[in-house]
Each structure stands twice: as C-alpha cells, then as structure tokens.
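All values derive from a computational prediction rather than experimental measurement. Any value given below was found using the heavy atoms of this structure, including those in side chains, with hydrogens, waters and symmetry copies removed. We name chains A, B, ... by the order of the sequence lines, and we start the count at 1 in each one.
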4 protein chains.
Amino acid sequence: MLGNKQENVKERIIDASIKLFLAKGFAGATTKELTDAAGVAKGTLYWYFSGKDQILDEILEKFSHELYDQAFEKVKNTDGNFVARFKALYRFITEFAREKKELLLVSTTVLGEIAGTGSSAEQKIRGIQMKAHDFIKALLDVGQKEGTVRRELDTNIQAHIILASLVGMHLEWCLHGDSIDAVAYARAYRDHILRGLGIQE
Amino acid sequence: MLGNKQENVKERIIDASIKLFLAKGFAGATTKELTDAAGVAKGTLYWYFSGKDQILDEILEKFSHELYDQAFEKVKNTDGNFVARFKALYRFITEFAREKKELLLVSTTVLGEIAGTGSSAEQKIRGIQMKAHDFIKALLDVGQKEGTVRRELDTNIQAHIILASLVGMHLEWCLHGDSIDAVAYARAYRDHILRGLGIQE
Amino acid sequence: MLGNKQENVKERIIDASIKLFLAKGFAGATTKELTDAAGVAKGTLYWYFSGKDQILDEILEKFSHELYDQAFEKVKNTDGNFVARFKALYRFITEFAREKKELLLVSTTVLGEIAGTGSSAEQKIRGIQMKAHDFIKALLDVGQKEGTVRRELDTNIQAHIILASLVGMHLEWCLHGDSIDAVAYARAYRDHILRGLGIQE
Amino acid sequence: MLGNKQENVKERIIDASIKLFLAKGFAGATTKELTDAAGVAKGTLYWYFSGKDQILDEILEKFSHELYDQAFEKVKNTDGNFVARFKALYRFITEFAREKKELLLVSTTVLGEIAGTGSSAEQKIRGIQMKAHDFIKALLDVGQKEGTVRRELDTNIQAHIILASLVGMHLEWCLHGDSIDAVAYARAYRDHILRGLGIQE
DNA sequence: GATGAATGAGCATTCATTCAT
DNA sequence: TATGAATGAATGCTCATTCAT
C-alpha cells in the first residue's frame with residue numbers, strides 16, 4: 001500500500017533524527033545529515049515536515065505518547081498499594097529505556113538546549129513534565145492515604161524530586177551508558193527513591 | 001593596571017557567555033550576541049580566546065574549580081560522621097547555586113548538547129563528573145565503614161545516583177526555577193537522598 | 001466529451017495563472033499555487049504545458065489574439081476618418097479592459113520583469129508590441145493623408161507615444177485601480193491623446 | 001578615510017543591484033550575482049543591508065530623492081508660466097534619464113513585479129507616485145488659474161495621465177532603448193502632452 | 001590591545017520538474 | 001489523463017573566524 005510506504009519514509013526520517021539529535025544535539029544536527037541518514041533527498045524532509053522544528057515536535061509527541069501515556073495506563077491497571085504501582089511504573093520506564101533508548105534520551109538531552117527559547121518544543125516538554133508531575137503527585141497522595149508514603153512529606157516536592165531523579169538517571173545513561181550495569185543501576189535507583197519516600201522493603 | 005583591565009574584559013566575556021549559553025544553548029548563542037552582551041567588539045573575543053569552544057572550556061574549568069574543588073576542600077575540613085560531611089557538601093552546593101546559579105546551570109544544560117560530540121568540552125565534563133563521582137564514592141565508603149551508610153549498598157552505584165540526582169535537581173531549577181521554593185526543595189532533596197542511603201534523621 | 005474537459009483543465013490553469021502572475025509576478029507565483037488555484041495536482045500542469053514558461057507564453061498568445069487581433073479586425077471594419085477609427089480602437093480596448101482586466105494587466109506588468117531576459121516570452125511581447133506599433137502607425141499615416149492628424153508629426157514616434165500611453169494607463173489601473181473612475185479616466189485619456197495628435201473635438 | 005571606503009562598498013552593491021534588477025527583475029537577480037557583480041563576498045551584502053529587500057528600498061529612496069525631490073526643487077525655482085515650468089520639469093527628467101538611465105528604469109520596471117505584494121518597497125513606490133501626482137496636480141491647478149491649461153480639464157485625472165505617460169515612456173525606453181532616438185522622442189512626447197493639455201506652441 | 005569590515009563555508013528552506021502508479 | 005511523492009539544484013541568509021588598521 002501507498003500508505004505504508006509513505007509512513008515508512010516519515011518514520012525513517014524520525015528515526016534518523018532521534019539518533020542524530022542525540023549524537024549532535026538539535027542545533028548541531030543538519031538537515032543534510034538527517035536526510036542522508038534517512039536515505040532521502042533534502043526536499044523530501046519538507047514534504048513530510050514543515051521544518052526541523054516539527055521533527056522535534058513529533059519526536060516529543062511520540063515520546064509523550066509511547067512512554068508516559070502508556071506508562072500511566074499501565075499503572076492505572078495495576079492493583080496493589082503505592083509500592084506495587086510505583087514498581088510497575090518504574091518497570092515500564094526501564095523496559096522502555098532498554099528498547100527505545102534513544103527516544104528517551106533525546107527527549108532528556110534536548111531539554112537543556114531548548115529551555116528558555118520559547119519554542120513550541122519547549123512548550124511541549126513543559127507540558128509533558130507537568131503531566132508527569134501531576135500523575136506522580138496523585139500516586140504519592142494515594143500512597144500517603146494508604147499509609148505507605150510518609151505522611152510528613154510534601155507530595156508536590158517529592159514528585160519534583162522523583163522526576164528530577166529520572167531525568168538525572170537518563171542523562172547519566174547518556175554520558176556513561178557503556179560503563180554502567182543498567183539493570184543493577186535501575187533497581188538500585190528505584191530502591192533509593194523508595195527509601196527516600198520512607199519505604200523500607 | 002593593564003593586567004586588571006585584561007582580566008576584566010575576559011571575565012566580562014565569560015560572564016556574558018554563561019548567561020547566553022544558558023538562555024540559548026551553546027550552538028544557539030552567536031559570537032555577536034556574546035560580544036555585544038560583554039560590550040566588546042567581535043574581534044576582541046579572539047584576542048582572549050581561540051574561539052567559541054574555548055569559552056565553554058573555560059566556563060567548565062571555572063565551574064570545576066569554583067564548585068567542586070572548593071566543595072571538596074570544605075568537606076575535607078569538616079569534622080563529624082558521613083551525615084555531617086554530606087550536609088556540608090550539600091550546603092556548599094546549595095549556597096553556590098544561589099550565588100552563581102547560571103554557572104551551575106550552564107554546566108548541566110550544555111551537557112546534553114555536547115554529549116557524544118567528542119569535543120574537548122565533553123572530555124572536560126566527563127572528567128569533572130568522574131572526579132565528583134570518585135569523591136562522593138570515597139565519602140560513602142567512609143560512611144559505610146563508620147556504619148552510617150547502609151552496608152549492603154553498592155557505593156559505586158550510589159555515587160552515580162547522588163550525582164544524577166544533583167544534575168536532575170539543577171535541570172528542574174532551570175526549567176521551573178520561578179515556581180519552586182528553592183530552599184525547601186533543596187532541603188527536601190537532601191533528606192530524600194539521605195533516606196535513600198538508609199539514613200533516618 | 002473528453003475534449004471539452006481537457007480544454008477546461010487547461011483553461012483553468014491559464015485563468016488561475018493570469019490571476020496569480022498579476023498578484024505575485026511571474027517569478028513570485030509558484031507552480032503549487034498555480035495548480036492549487038486551478039484545482040489540479042502539481043503533475044497535471046506538465047501534461048498540458050512544458051513548464052511555467054509556456055503558461056506565460058500561452059497567456060501572451062491569448063492576449064495577442066483576443067485583444068490586438070480582434071481590435072485590429074474591428075478597426076478595419078470601421079468606416080469614417082481617423083478619429084472614428086481611433087475611437088473604435090480605444091472603445092474596444094476599454095471594453096476589453098473591463099471584461100478581461102487581468103489578462104490585459106498581466107501582459108503589461110510581467111513586461112518589466114522579463115525584459116532583458118531573452119526568454120521566449122520576451123520575444124513574444126516584443127512581437128506583439130511591434131505589431132501594435134505598426135498597426136497604429138499605419139492608422140496615423142492614413143490620418144495624415146486625410147488631413148485629420150497633423151502633418152508635421154512623425155507617425156513612427158507618435159505610434160510609440162500612443163502605445164507607451166496605453167501601457168502607462170494600464171499600469172496606473174493596476175496600482176490605483178480602486179481609487180480611479182475608470183470610465184472617466186479612459187475617456188479623458190483618449191481625448192488627451194487625440195489632442196496630442198492635434199485633433200480638437 | 002574609512003568612511004569613503006565603506007560608502008564605496010555600499011555604493012558598489014547598490015549600483016550592481018540596479019543593473020541586475022533591471023536585467024533580470026528583482027526576484028530573478030540572485031544575491032550571488034549581486035555580490036559577484038559588486039566584487040564582494042556573499043556575507044558582505046548583509047553587513048550593509050538587512051537583505052535583498054532593503055537594497056530595493058534604498059534604490060527607491062535614492063530614486064525618489066535624486067529624481068523627484070530635485071526635480072520639484074528645480075521647478076519651484078523656475079519663473080514663468082505653466083509651460084515654462086513643465087518644460088523645466090521635463091528637461092530635468094530627460095537629463096536624469098540620460099545620466100542615470102538604469103536607476104530610472106529599475107524603479108519603473110520593478111513596479112509591476114512587486115505591485116500587490118504589500119512589501120515595503122511597494123509602499124515606497126506608491127508614496128513616490130502619490131507625491132509626484134500631487135506635485136503635478138498643483139502645477140496644473142496653477143496653470144489653469146493663469147489660463148495656460150484648459151479650464152474644463154480635471155487636473156486630478158490629467159496628473160494621472162501625465163504620470164502614466166512618463167511611466168509608459170520609461171518602459172518603452174527599456175524595451176526599445178536602442179532603436180529609438182531618445183532626444184527626439186522625449187521632445188515629441190513633451191509636446192504631445194502639452195497639446196493634450198490644450199496648449200499649442 | 002581592540003576594532004569591525006570582510007569573508008565564505010555552511011545552513012534551512014524552496015520549488016520547478018520528474019516519474020512510477 | 002491525472003496524481004502527488006520524491007528530487008536536488010539553487011536561494012537567501014547566518015555566523016565563526018580573520019586581519020588590516
């Protein structure tokens with residue numbers, strides 16, 4: 001089908017862009033590199049996207065949908081107390097990180113580059129972060145009610161801390177990815193956060 | 001003295017660069033903007049620096065020296081157990097963050113942009129992170145020996161986690177700086193990490 | 001009939017092109033705009049025309065035929081002296097300008113854009129102008145013989161002047177079309193030219 | 001002096017642009033051709049101008065000042081009746097056309113190309129034309145009061161006609177410049193207009 | 001030391017044209 | 001006939017860097 005082929009080209013451009021934005025930054029990756037890597041002509045980029053900006057936008061959209069939306073869905077369908085739900089969330093994110101490492105990393109690393117530019121990508125990232133923050137805060141609130149999460153903690157701040165920890169962890173993976181045992185690291189990180197919330201296993 | 005004036009110009013360029021790299025990213029800030037903000041002519045930049053790259057190098061050098069070297073010095077001169085020493089470290093970093101917010105942030109945010117480029121700035125950042133990691137690991141090792149830090153934790157991984165948390169925290173400040181009570185947030189973050197290490201206050 | 005439909009498509013492309021060349025100039029109007037306005041796909045343009053250039057060629061052809069050829073025919077069939085024939089010519093042009101304003105204007109306005117390019121369109125415009133010049137000169141020569149047009153005037157130059165006046169008038173309509181009473185203006189212009197030829201009404 | 005050299009470069013770019021806009025149209029002349037013809041690098045254009053548009057703006061500014069402002073000044077300082085003043089105006093324009101042929105022509109030929117674009121150049125052209133129209137109308141009004149210009153003519157329309165005639169004459173020069181005896185043509189044109197105003201020599 | 005005019009490689013983007021369907 | 005995805009040369013423009021003054 002035509003539809004398949006078309007989507008294929010668009011997908012190839014996005015995939016190439018994810019890899020190149022990660023390796024060279026958003027500003028550092030040129031459209032020529034993008035299209036060369038995708039195996040299409042320069043002009044083809046502009047048939048599928050309005051410009052470089054929109055590629056980043058679609059990457060973030062994809063990230064938001066594939067990671068957070070699905071993660072939240074997963075957690076909603078998980079029974080048990082806060083610990084079980086947080087572990088489910090963490091497991092999903094860790095698995096995602098293994099399969100779609102670059103998609104996760106590019107969303108994190110581009111963040112510093114575009115923060116403060118007022119671009120539509122920045123709006124989108126802020127939106128994603130806000131949604132994630134609110135979701136985690138709601139999770140923590142339930143955790144406090146059921147007595148799993150320490151009562152005296154400010155769930156708003158703790159949600160910020162958890163998100164910041166995740167972002168920091170992703171950046172570490174980006175910088176030291178090869179020299180780290182990702183599975184052990186992720187588990188240690190998860191337990192660190194749980195202890196930080198006053199939860200002893 | 002001439003010497004003073006020279007240093008003054010160089011310092012002005014660095015200060016302007018810190019602000020602009022933070023606001024627009026490294027690639028996004030142009031040399032014209034840098035020199036305009038510093039109040040010098042375009043050519044002057046090349047009297048003091050070999051190019052844009054070297055400005056970033058010197059910023060990272062400055063960051064490494066002013067934050068980590070001094071922080072480590074401070075901690076070395078602090079008596080008491082791990083908790084006291086970690087709090088001293090954390091206090092220094094927090095105070096630094098208040099006084100030289102941009103210097104701290106630019107070092108963090110530029111990170112994602114240049115990771116994977118193989119530039120000299122990337123080497124420098126990796127070096128700084130490694131030094132910081134080793135220092136914190138050593139701190140944790142001592143903490144384990146004195147019984148403050150949980151024995152079963154892998155201090156190598158925990159050092160990574162602590163560093164990642166700091167980086168994540170700085171990025172949060174960068175993105176949501178205005179809507180966050182920095183002092184309360186920093187204290188909560190510190191205690192979160194301590195609990196993550198198995199330390200109950 | 002298929003034949004009808006084909007002509008219809010071609011006609012639609014030409015009509016859309018006339019409007020767009022007028023609004024945006026020849027170089028300023030893109031093939032996408034042309035085909036969008038005509039309601040056909042981009043590729044279709046190349047079934048009916050060899051390229052953008054040929055559209056302009058056909059517009060000029062159409063213009064040459066519909067305006068000048070018919071105007072000359074009309075004048076040839078008009079009895080009476082020079083004044084009657086000139087008025088007939090002028091009336092035809094004015095009526096044409098009312099009905100097919102854009103066709104007339106595009107032929108005039110594109111002129112400046114393509115003059116000196118050596119394109120086939122330029123050849124065609126020169127040819128049209130030359131034909132018009134010769135026709136008007138012949139008209140003036142007869143006028144002189146019958147004693148209507150002043151004897152001492154150089155009919156070659158006067159023909160140039162009349163043509164230049166027509167072109168200038170059309171450009172004025174293009175620039176100030178809305179703020180001008182076209183009928184009064186055209187009549188005043190006609191009488192101005194007649195007086196310029198030494199003819200008092 | 002530096003000032004001289006700088007002005008020289010800017011002047012060279014403007015002169016080259018006038019020639020190229022005339023030969024290839026505004027859209028048809030590329031920045032590379034402009035800078036090659038001026039003997040400077042591509043980037044230099046952007047040191048002196050904000051872009052191609054601004055070159056056209058400055059050309060029109062120059063045209064407005066050098067032709068109309070000075071022509072109007074000349075006419076104001078001319079004694080005698082309308083005929084004397086109109087001849088002075090015409091003489092100035094004709095002399096200008098001989099010395100700065102291209103500047104005059106480019107202002108006329110670009111007109112059709114940019115009409116309707118809403119560009120700043122279009123605003124400027126309209127402004128120039130309006131100023132010229134008002135000036136000529138005022139001249140005609142005085143001519144009517146002193147009894148030189150026919151009373152029953154609408155000076156507003158006659159001013160339009162005179163301007164349109166001038167524009168048409170310039171375009172003729174552009175198209176048939178080489179095959180026309182400019183001096184004889186200009187004089188014939190002038191007398192044609194005067195007769196059109198009801199003035200017999 | 002300091003300037004800023006000048007450079008030109010490189011950038012994102014446009015668009016007339018082609019061609020498989 | 002008609003389509004529209006794909007092309008790539010060409011465009012206007014940017015910007016790190018150089019260098020004569």
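If you take CD1 on A:I125 and OG1 on A:T108, they are separated by 8.0 Å, rounding to the nearest 0.5 Å.
When distances are taken from the side chain of C:A41 to each of F:dA16, F:dG4, F:dG8, the shortest belongs to F:dG4. Residue D:V9 has its side chain nearest to E:dA6 when only F:dA16, E:dT17, E:dA6 are considered. In the set E:dT17, F:dA2, F:dG4, E:dT17 carries the atom at the smallest distance from any side-chain atom of C:Y46.
Remark on DNA chain F: of its neighbouring residues B:G43 and A:T44, the 5'-side contact belongs to A:T44, judged by nearest-heavy-atom nucleotide. Judged by closest nucleotide on DNA chain F, D:D53 is the one of B:F26 and D:D53 placed further toward the 5' end. Mapping B:G39 and C:L45 onto DNA chain E by nearest heavy atom places B:G39 at the nucleotide closer to the 5' end.
Taking 4.0 angstrom as the limit, B:T30 places none of its side-chain polar atoms (N or O) nearer than this to OP1 or OP2 of F:dC15. At E:dC15, none of the side-chain N or O atoms of C:K32 fall inside 4.0 Å of OP1 or OP2 (strictly under the cut-off).
Within 4.0 Å of D:A29, counting heavy atoms only, lie sugar-phosphate atoms of the nucleic acid but no base atom. C:K42 comes within 4.0 angstrom of a nucleotide base, judged by non-hydrogen atoms across all strands.
The partner of E:dG8, taking Watson-Crick or G-U wobble pairs whose two distances both stay under 3.5 Å, is F:dC15. Figure legend. F:dT21 is base-paired to E:dA2; pairs are counted as Watson-Crick or G-U wobble with both atom distances under 3.5 Å.
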